[in-house]
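A, B, ... follow the sequence lines: proteins, then strands. Residue 1 opens every chain.
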Amino acid sequence: MDLSILGYQFMQNAILSAFLGGIACGTIGVFVVLMGMPFIGVCMSHAAFAGALLGLWLGFNPLLGAFVACLIAAAIIGPLADRGELSPTTSVGVIFSLMLGLAFLFMGLMPGSKSGALELLWGSILTNTRSEVILLGIVAAVVVGLVIAFYKEFQATIFNRDMALAVGIPATAIFYGILFLTGATITVSLRPIGGLLIFSLILNPAAAAYQLTYNMKRMFFLSAGFGVLSGWIGLMLSYLFNIPSGATIVITSSVIFAIATFFSPKRKVKRWQKAASRFN
Amino acid sequence: MNHTVIDIEDAVVSYREDVALRGVSLRVASGEFIGIVGPNGAGKTTLLTIINDLGKLLSGKVWVLGNYVTKTNRHSLRKQIGYVAQLQNIDPKMPMNVREVAMLGRYGLLGLLRRPGRHDWKIVDDVLELVGMTHLAQRPIGHLSGGEQQRVAIARCLAQEPKLFLLDEPTASLDWKAKTDIIELIKLIHNSRHLTTLLVTHELSALPVACDRIVLMKDGLIWGNGSPEKVLTDENLSQLYDIPIPVVKARRQESTPT
């Protein structure tokens with residue numbers, strides 16, 4: 001294998017982006033998996049995609065559009081989910097379809113070449129600039145830093161939000177903080193991974209880590225590690241076979257999930273539950 | 001006479017069109033053990049949750065431990081109130097063990113950016129021993145039975161070192177042995193830690209032994225209030241649950257341990 005490719009800045013940027021994006025997405029994914037809110041994340045990632053396309057159409061920074069759209073989606077979906085007014089399946093169905101509809105509407109209205117829009121759709125880690133890598137690094141550092149600083153508040157909120165409130169933890173603020181971090185992570189990962197695929201990189205590494213441990217701290221480490229591994233292996237496959245990098249990264253994360261599920265020590269819990277239900 | 005620690009004045013709570021409390025007033029003295037009894041939908045859980053402000057008042061006032069409960073002081077008040085909710089489904093794969101879950105009770109007290117130290121872990125280990133869960137301290141929380149999970153919830157509350165102890169049907173869906181064990185444990189903790197306790201339960205047979213006072217609730221109102229001997233009569237229970245007196249008598253005999 002020719003390693004001279006590593007000498008090029010575009011490849012260095014891509015490797016760094018995969019590393020930082022993997023850590024940020026893997027860390028956020030732990031909240032998404034343990035708080036049972038994949039529907040919120042799916043809606044937010046598609047809102048980010050629509051917001052970025054709006055930016056491209058109207059001529060302002062697509063990342064700003066993505067971030068604002070994420071926050072708006074969180075501000076709408078969060079309270080609805082909070083009050084139990086919409087079931088997860090209903091809200092994901094309605095808002096997901098609305099966001100995709102808006103995204104394709106903006107794409108259709110966009111004059112001239114659609115290459116920028118397609119890049120946001122499929123992702124293009126190999127064209128990441130140094131400033132985008134720095135932005136990704138800032139978001140990854142903020143996400144990891146906040147998880148370390150407020151670990152016990154996050155842990156209590158993940159376990160049970162009402163219980164966390166009852167012991168005096170501001171669990172509602174923590175929950176909306178998690179949504180905000182999810183929005184920020186999705187926004188900066190949008191270009192390298194792609195609007196249609198970003199949520200898989202948030203969900204799959206955390207879902208794989210969830211299969212392997214009963215320790216929450218270890219789950220954070222494993223999930224971030226799987227995120228990085230997905231990015232690097234996916235990047236290598238993309239380079240070797242000249243195929244879209246967003247797709248190879250997400251497929252790699254899915255394969256890691258499948259392997260983790262196969263070797264999961266928690267599979268026996270399912271067997272144990274089945275056995276118990278036979279006696280009830 | 002002991003001083004008042006809870007004073008609820010004309011509390012009204014509504015969940016959209018359903019009124020859960022219709023102007024309830026209740027005063028609780030320090031050290032009292034109060035049993036709250038009533039049919040489903042009577043407002044018992046809501047009565048507990050307005051004390052720690054998890055339930056939202058439409059009108060009225062709640063005075064707890066020397067302060068009216070407001071948005072600004074609710075977090076600090078909650079740190080002094082132990083609350084055991086009804087048994088909840090815990091994900092069997094949840095990556096937390098029993099000791100970590102009991103430690104959650106101390107997180108509010110510790111405050112932001114402070115980590116639990118040796119002293120906090122010692123308190124957690126002591127309360128786990130008190131509730132008889134030391135041998136399961138390292139087990140994943142989702143692998144416990146319902147009775148064991150309720151013991152951990154009680155340990156979590158005690159780790160909080162509360163002044164008030166609120167329990168919402170802690171024995172629901174447990175077997176008879178687990179029910180009696182949990183009620184005995186609550187009484188033991190109430191006495192040894194000099195707590196003020198409010199217990200929502202359907203375990204009528206255990207109440208006369210455990211409680212100083214019984215509050216009967218129906219349709220969002222306090223329907224009866226007094227000593228267990230005075231309040232828990234067959235006539236009262238017949239009207240409270242809308243069932244004939246002979247049926248009440250028969251059911252009470254069935255539920256009395258021989």
### Message
Run the side-chain contact (heavy atoms from CB on, under 4.5 Å) test on B:R156 and A:V167 for me, step by step, so that the C-alpha distance in whole Å, both residues' side-chain angles and the decisive distance to 0.1 Å come before the verdict.
### Response
CA-CA 9 Å; B:R156 190 201 73 229; A:V167 300; 4.3 Å; yes
### Task
Would you indicate whether A:Y151, at its atom OH, is surrounded by more than 12 heavy atoms from other residues, nucleotides or ligands within a distance under 6.0 Å?
yes
### Message
I'd like to know if the side chain of A:K152 and the backbone of B:G108 have a donor-acceptor N/O pair within less than 3.5 Å.
### Response
no
### Task
Can you establish whether the number of heavy atoms outside B:K187 located under 6.0 Å from its atom NZ is more than 12?
yes
### Message
Need one label for B:Y83: side chain, backbone, both or neither, based on atoms under 4.5 Å from any heavy atom in chain A.
### Response
side chain
### Query
At a heavy-atom separation under 4.5 Å, does B:V101 approach chain A through its side chain, its backbone, both, or neither?
side chain
### Message
Counting heavy-atom pairs under 4.5 Å with chain B, which one of A:L165, A:N160, A:I158 comes out on top?
### Response
A:L165
### Toward chain B, the part of A:F159 with a non-hydrogen atom under 4.5 Å
both
### Query
Can you list every salt bridge (Lys or Arg N to Asp or Glu O under 4.0 Å) pair that touches residues 166-177 of chain B, not counting sequence neighbours?
B:K177-B:D181
### Atom pair CZ/CG of A:R161 and B:L54 - distance to nearest 0.5 Å
11.5 Å
### Task
Examine distances only and state if a side-chain atom of A:K266 and a backbone atom of B:P92 form a donor-acceptor pair shorter than 3.5 Å.
no
### Task
For B:E100 and A:M216, run side-chain contact (heavy atoms from CB on, under 4.5 Å): C-alpha distance rounded to whole Å, both residues' side-chain angles, the deciding distance at 0.1 Å, then the answer.
CA-CA 10 Å; B:E100 288 172 318; A:M216 201 181 286; 5.9 Å; no
#### Entry: chain A contact via B:L166 - which portion, at a heavy-atom distance below 4.5 Å
neither
#### Entry: Atom pair CZ (A:F154) and OH (B:Y107), whose distance is rounded to the nearest 0.5 Å
13.0 Å
### Task
Calculate, to the nearest 0.5 Å, the distance between atoms CD and OH belonging to B:Q138 and A:Y214 respectively.
14.5 Å
### Query
Got a second to check how far B:L113's CG is from A:I148's CD1, nearest 0.5 Å?
12.5 Å
### Message
At a 4.5 Å cut-off on heavy atoms, which part of B:I81 comes close to chain A: side chain, backbone, both, or neither?
### Response
backbone
### Under 4.5 Å from any heavy atom of chain A - which part of B:L77
neither
### Message
If I measure from the heavy atoms of chain A, does B:Q80 come under 4.5 Å with its side chain, its backbone, both, or neither?
### Response
neither
### Query
What's the shortest heavy-atom distance between B:P95 and A:M219, and which atoms?
CG-SD, 3.9 Å
### Side-chain heavy atoms of B:L112 within contact of A:F150, under 4.5 Å
yes
### Task
Determine whether more than 12 heavy atoms belonging to other residues, nucleotides or ligands lie under 6.0 Å from atom NZ of A:K217.
no
### Results of ring-ring contact (aromatic ring centres under 6.0 Å, His included) for B:H75 - residues two or more places apart only
none
### Task
Report the distance from atom NZ of B:K93 to atom CG of A:L212, rounding to the nearest 0.5 Å.
10.5 Å
